[in-house]
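Inspection log for the structure reproduced underneath, given as structure tokens.
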Amino acid sequence: RNHNEPPVIFHLFPIIGSTITYGMDPPRFLKENRAKFGDCFTFILLGKKTTVYVGTQGNEFILNGKIRDVCTEEIYTVLTTPVFGKDVVYDCPNSKLMEQKKFMKIALTTEAFRSYVPIISDEVSTYFKKSADFKGKSGTVNICPKMAQITIFTASHTLQGKEIRDKFDESLADLYHDLDMGFSPVNFMLHWAPLPWNNRRDHAQRTVAKIYMDTIKSRRERGAVEANSQDIMYHLMNSTYKNGVKVPDHEIAHMMIALLMAGQHSSSSTSSWIMVRLAARPDIMEELYQEQIKNLGADLPPLTHEDLSKLPLNQAIVKETLRLNAPIHSILRAVKQPMPVPGTKFAIPTSHVLLSAPGISATDPQYFPNPDLWDPHRWEKDAVNAPSLVKDESEEEKIDYGYGMVSKGAASPYLPFGAGRHRCIGEQFANVQLQTIVAMVVREFKFRNVDGSDTVIGTDYTSLFSRPLEPANIYWERRD
Ligand code: HEM
Ligand SMILES: N#Cc1ccc(COc2ccc(/C=C/c3ccc(C(F)(F)[C@](O)(Cn4cnnn4)c4ccc(F)cc4F)nc3)cc2)cc1
């Protein structure tokens, strides 16, 4: 064995390697091997030597990797470019992605969020009024498809604008589904294959992009009326790159698809997990209801953006769910030049891919006592299971990669939104969207598990974003 490289996990077959054992349950695979080899080790994923480096030092090493050492677009472009379209995100130099993130972030302001909360609340209440699955006083429902619907309506109406949202009631829904079929980890391997779903994906990408470009043209002809000023399309239509070039219409359309996919998958997965967790803990759901009565008034007035900061337990629900069920369980990087691992004699060669799994440190008892317990109260001051050594982001030193200030360090045990130059820009939007959905669901329903137990369903790791295994049936009862 080459002692300048991390230990390689035993495997019988060359290409398959450990893909199946990893792919079935990544956190379990990583934890078992961490116990044997420590924080840094190599396994074969789809024929590629994949070096894992977990723990806070691993998070720092990979997520704060210098641009000359690690590359993101090389790995992800095969997956994202056929779905999003060309010239955006991972189909362009990193410097251009940094500018695109700046443009996207411009629209995600507190003022915009103020207008989003009533939109999201109305979409949630209307959905439950209209849905055939929530007729009568009580019943059982597979919650995941319902949360996917609620997420697509709320995300498209706020981020994409009313005219796009209304298209999701007919044509766009099916096209979105075809686009979505191409968004699968198996396409890391088979993106090029002329498989039926890849052809449907390509047709859907062209058709959806055209819908956006037609919308852009009609908005330009009508002149940007006040109503659209809050959505992202308006801001992208008025953005110019540093080199003086206005953002071309096809890039606006492709960024809109990227944002739709980002927002949709992460939020529908997270909101599904939240509902599954609440059904297992009806006592917490009751506490959420009491928190609203106590802090907003027994008449439960229409929710506003300001109200969200008056509901600490409601906020903690999202934070704790992302600690245990983050939608992105593995972050990949290509190695561009040999990377010495500080404190070891290892140098990671350019033939390897790096894999970061921040969820491993987020479930490490060293930082989170009783780590596998879903305990939203742990985020309160002086709580019994309070996190230790987890710095609040507001105290950390910041750095700007071109799209706003982000924490300079990535040596944190809790990074559901990533860190460094590729850090998420949707965190604030996601929190507004998820906290509003939870607050509205708590007002209308009581949940519990169908069998009345406190068990939680397993995780489906086969798609790109980890989500509850289906069907995830829960029992609901309308509050009188
Ligand atoms: C619960 C919700 C979300 C979670 C947990 C999440 C998580 C993440 C993570 C872990 C990354 C880093 C990926 C990497 O380093 O390879 C990321 C990046 C990103 N996310 Fe999110 N995200 C969420 C919602 C959103 C939303 C709503 C949007 C858009 C409105 C969004 C847009 C992006 C973008 C543009 C990037 C940058 C990718 C890059 O720079 O390479 N995300 N997100
Ligand atoms: N055979 C087999 C086989 C192989 C492997 C496996 C399991 O192995 C793995 C390994 C790694 C991964 C990685 C997940 C991954 C990466 C990138 C993206 C993304 F780029 F798409 C995203 O970050 C998504 N995002 C960001 N914020 N919200 N969403 C994004 C960025 C910007 C943007 F504008 C739009 C975006 F939406 N999405 C998800 C998943 C599974 C199982 C079976």
Side-chain angles (χ1 to χ4, degrees), residues 19 23 45-48 50 71-94 96-97 99-101 103-104 148 152 155-156 159-160 164 167-168 171-216 232-233 236 247-269 327-334 353 355 422 424-426 461-467:
T19 299
L45 173 62
L46 296 170
K48 282 295 284 181
T50 304
C71 179
T72 300
E73 58 271 20
E74 211 176 281
I75 297 279
Y76 289 161
T77 187
V78 293
L79 187 80
T80 57
T81 301
V83 174
F84 301 166
K86 68 185 176 71
D87 300 335
V88 300
V89 187
Y90 301 125
D91 189 44
C92 59
N94 182 270
K96 186 168 178 179
L97 167 59
E99 288 199 79
Q100 291 173 354
K101 289 174 79 172
F103 301 148
M104 296 186 224
I152 199 95
S156 58
L159 296 175
Q160 318 253 323
I164 297 292
K167 286 190 170 72
F168 270 104
S171 61
L172 205 46
D174 296 340
L175 283 166
Y176 172 80
H177 180 263
D178 290 345
L179 206 48
D180 212 23
M181 295 321 288
F183 215 39
S184 143
V186 79
N187 265 350
F188 271 124
M189 270 292 253
L190 303 177
H191 51 92
W192 49 269
L195 297 163
W197 65 78
N198 283 349
N199 298 329
R200 276 202 295 274
R201 167 201 65 194
D202 299 344
H203 168 263
Q205 192 284 329
R206 287 190 297 273
T207 313
V208 172
K210 190 175 175 319
I211 290 174
Y212 281 122
M213 291 206 267
D214 293 347
T215 308
I216 292 164
I232 289 194
M233 192 185 290
L236 293 177
V247 180
D249 283 7
H250 77 277
E251 288 185 20
I252 297 175
H254 298 171
M255 274 187 263
M256 294 300 286
I257 296 175
L259 292 171
L260 180 67
M261 300 306 271
Q264 177 54 24
H265 284 280
S266 53
S267 285
S268 81
S269 152
I328 296 181
H329 58 77
S330 300
I331 288 176
L332 300 174
R333 298 287 187 266
V353 165
L355 188 149
H422 291 282
C424 186
I425 55 152
Y461 290 103
T462 55
S463 89
L464 215 52
F465 301 79
S466 42
R467 57 189 183 198

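Classification of the H265-F465 ring pair by plane angle, with boundaries at 30° and 60°, yields parallel.
H422 and T72 share a donor-acceptor pair across their side chains, judged by distance under 3.5 Å alone. Judged purely by distance below 3.5 Å, without hydrogens or angles, the side chains of D87 and H250 pair a donor atom with an acceptor atom.
Judged by distance alone, the side chain of H254 and the main-chain N or O of V88 form no donor-acceptor pair under 3.5 Å.
Here the shortest heavy-atom pairing between A334 and E74 reads CB-OE2, 3.4 Å. The minimum heavy-atom distance linking S269 with P327 is given by the pair OG-CB, 3.8 Å. The two residues R201 and P82 come nearest to each other via the heavy atoms CZ-CB, 3.4 Å. Closest non-hydrogen pair, T215 versus K167, comes out as OG1-NZ, 4.4 Å. In terms of heavy-atom proximity, T462 sits nearest to P185 at O-CG, 3.2 Å. Pairing each heavy atom of C92 with each of L97, the nearest pair is SG-N, 4.1 Å.
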Next on the checklist: If you apply the rule side-chain contact (heavy atoms from CB on, under 4.5 Å), what do you find for L355 with I331, and how did you get there?
Outcome noted: CA-CA 6 Å; L355 188 149; I331 288 176; over 6 Å; no

Next on the checklist: Quick one, M255 with M104, criterion side-chain contact (heavy atoms from CB on, under 4.5 Å). Give me CA distance, side-chain angles, the key distance, then yes/no.
Outcome noted: CA-CA 8 Å; M255 274 187 263; M104 296 186 224; 4.1 Å; yes

Checklist entry - So M261 and Y176, side-chain contact (heavy atoms from CB on, under 4.5 Å) or not? Walk me through it. => result CA-CA 9 Å; M261 300 306 271; Y176 172 80; 3.4 Å; yes

Next on the checklist: Under the criterion salt bridge (Lys or Arg N to Asp or Glu O under 4.0 Å), I'd like the reasoning laid out for E73 against K96: C-alpha separation, chi angles, the key distance, then a yes or no.
Outcome noted: CA-CA 12 Å; E73 58 271 20; K96 186 168 178 179; over 6 Å; no

Checklist entry - Are D91 and F84 close enough, and set up right, to give a side-chain contact (heavy atoms from CB on, under 4.5 Å), and what steps lead you there? => result CA-CA 9 Å; D91 189 44; F84 301 166; over 6 Å; no

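When each of D249, I257, I252 is checked for a side-chain contact (heavy atoms from CB on, under 4.5 Å) with Y212, only I257 meets the rule.
Considering only heavy atoms from C-beta on, L236 comes within 4.5 Å of I232 through its side chain. Contact annotation: the side chain of H203 approaches that of T207 to within less than 4.5 Å [non-hydrogen atoms, C-beta and beyond]. Annotation: side chain of V353 is in contact with side chain of I75 (closest heavy-atom distance under 4.5 Å).
In this structure, D202 does not pair ionically with R206, as no charged nitrogen and carboxylate oxygen lie closer than 4.0 Å.
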